[in-house]
Amino acid sequence: MDNDLPEMKLVNPEPALAPLDEIARARVAALAARQYRANGVIMQVVNFVGGQVDDGLKLLPAKTRQQVEGAAKHALRYAYDIAGHTRGGIGEKLVGSDRAHRALATASGALGGFGGLPTALAELPVATTVIFRAVQGVAQAHGEDPMAEETRLECLRVFGSGGPGDQDDGIDTAFIGARLALSGAAVNGLIARIAPRFAAILSQKLATQAVPILGAAAGAGTNYAFMTYYTEMAHVHFGLRALAREHGADAVLTAFHADLVAQKLPVRRA
């Protein structure tokens, strides 16, 4: 080997990761606590509005229960496509804050529940899109481009984080720090994996809206609860991603999982 060859140097090397100091650990702990609060408080709201979920699901015809997963896939795909074109401009000024999104979701749920199950089913894509837009806003607050396809895919992942009443609530942390393949196949595959979990949540929502007129109040309440839940989980999701960019995914997730165990929360790694 010729020892006189010039030393190879990296062009634009990746910046060194900062150690996980006390400030960063406190941020991780705050995210774990935020997940804990979302699971506890929002479940209480859903139970108050809709009663016991198992009883509510009996209101749904068997055929409707079988169709919910297909409705979930359609709603997620619709939200993914529409939300990619509706941020910015006058719409962003009028409906750009978490408060505005919650108000819009609440109104949408009330209208959807007013006519019972048929209007509730028709309202699903609207409610999902409003929640998706709010999740995009959270992503932007954590330093990500809400219109980038990678960010929109990450927004979809938030809908796979369980939901009020789910026994496996929480952010799936297996992917934090990893890059997603940007393709139509990737979107369809992600939606196919998320849809069953999201469908379980939609079944609860539809059950509370199944009775005409009375379903209006239930629809407003559940939409508000789901909006609050998913925006909180989005803060956890994108907060972890921001920390992983600074300190590395392994260090951040090790600390996050330890905090979840300390609070006796489910730990989802896959």
Side-chain angles (χ1 to χ4, degrees), residues 1 3 5-39 80 83-84 87 98 132-162 168-183 185-187 189-191 193-194 197 229-270:
M1 178 180 292
N3 293 328
L5 290 175
E7 182 181 353
M8 300 293 290
K9 294 185 178 181
L10 289 174
V11 178
N12 297 326
E14 292 290 332
L17 295 172
L20 199 65
D21 56 17
E22 291 186 7
I23 295 176
R25 288 182 181 277
R27 290 169 63 189
V28 173
L31 292 174
R34 193 164 197 164
Q35 179 168 306
Y36 175 81
R37 290 194 301 271
N39 290 329
Y80 176 85
R87 293 193 67 85
D98 283 352
F132 196 104
R133 279 179 50 89
V135 171
Q136 279 182 291
V138 173
Q140 186 174 26
H142 287 280
E144 306 206 24
D145 178 1
M147 298 300 292
E149 188 170 2
E150 181 179 0
T151 302
R152 289 162 61 209
L153 284 169
E154 293 295 344
C155 291
L156 279 176
R157 286 192 184 276
V158 172
F159 286 87
S161 62
D168 187 26
D169 287 335
I171 291 295
D172 183 350
T173 57
F175 56 86
I176 298 293
R179 296 188 66 85
L180 294 169
L182 303 180
S183 67
V187 176
L190 185 56
I191 289 176
R193 291 196 300 274
I194 290 171
R197 292 181 63 82
Y229 175 80
Y230 283 115
T231 52
E232 287 297 290
M233 298 307 283
H235 278 289
V236 177
H237 179 103
F238 289 105
L240 287 174
R241 280 174 55 82
L243 284 164
R245 291 193 294 270
E246 297 177 30
H247 306 284
D250 290 342
V252 169
L253 294 184
T254 296
F256 183 68
H257 291 153
D259 286 326
L260 293 182
V261 170
Q263 298 184 46
K264 298 181 180 180
L265 285 172
V267 177
R268 294 185 61 215
R269 292 186 174 88

Look only at the side chain of [X] and the backbone of [Y], and say whether a donor-acceptor pair between them is shorter than 3.5 Å.
X	Y	result
H247	V252	no
E144	T151	no
H142	A242	no

- Side chains of F256 and Q35 in contact at under 4.5 Å (non-hydrogen atoms):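 Sidechains of Q35 and F256: in contact.
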- Are the side chains of V135 and F238 in touch, meaning some heavy atoms are under 4.5 Å apart?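 They are in contact (side-chain heavy atoms under 4.5 Å apart), so the answer is yes.
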- Query: Is any side-chain N of the basic residue among R27 and E22 closer than 4.0 Å to the acidic one's carboxylate O?
  - Reply: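 Here R27 does not pair with E22 in a salt bridge, since their nearest N and O are not under 4.0 Å apart.
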- Is a salt bridge present between E154 and R241, judged by a nitrogen-to-oxygen distance below 4.0 Å?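 A salt bridge is present here (some side-chain N lies under 4.0 Å from a carboxylate O).
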When rounded to the nearest 0.5 angstrom, what is the spacing between [atom1] in [X] and [atom2] in [Y]?
X	Y	atom1	atom2	result
C155	E149	SG	CD	12.0 Å
Y230	F132	OH	CZ	13.0 Å
H237	L31	NE2	CG	12.0 Å
R25	L243	CZ	CG	11.5 Å
D250	L17	CG	CG	9.5 Å

Which heavy atom in [X] sits nearest to a heavy atom in [Y], and how many Å separate them?
X	Y	result
P146	Q136	O-NE2, 2.9 Å
A24	L20	CB-CD1, 3.5 Å
D259	A29	OD2-CA, 3.3 Å
V28	A255	CG1-C, 3.8 Å

- Is it the case that R152 places NZ or CZ above or below the six-membered ring of Y80, under 6.0 angstrom from the centre and within 45 degrees of the axis?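 Verdict for Y80: a cation-pi partner in R152.
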- Would you find more than 12 non-hydrogen atoms of other residues, nucleotides or ligands less than 6.0 Å from R34 atom CZ?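 Yes - once you tally the heavy atoms of other residues, nucleotides and ligands closer than 6.0 Å, there are more than 12.
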- Report, as yes or no, whether the 6.0 Å neighbourhood of atom CG on D145 holds more than 12 heavy atoms from other residues, nucleotides or ligands.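 Enclosed: over 12 neighbouring heavy atoms sit under 6.0 Å from CG of D145.
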- Task: Only one of V138, V158, L240 passes side-chain contact (heavy atoms from CB on, under 4.5 Å) with H235; say which it is.
- Result: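 Only match with H235 under side-chain contact (heavy atoms from CB on, under 4.5 Å): V138.
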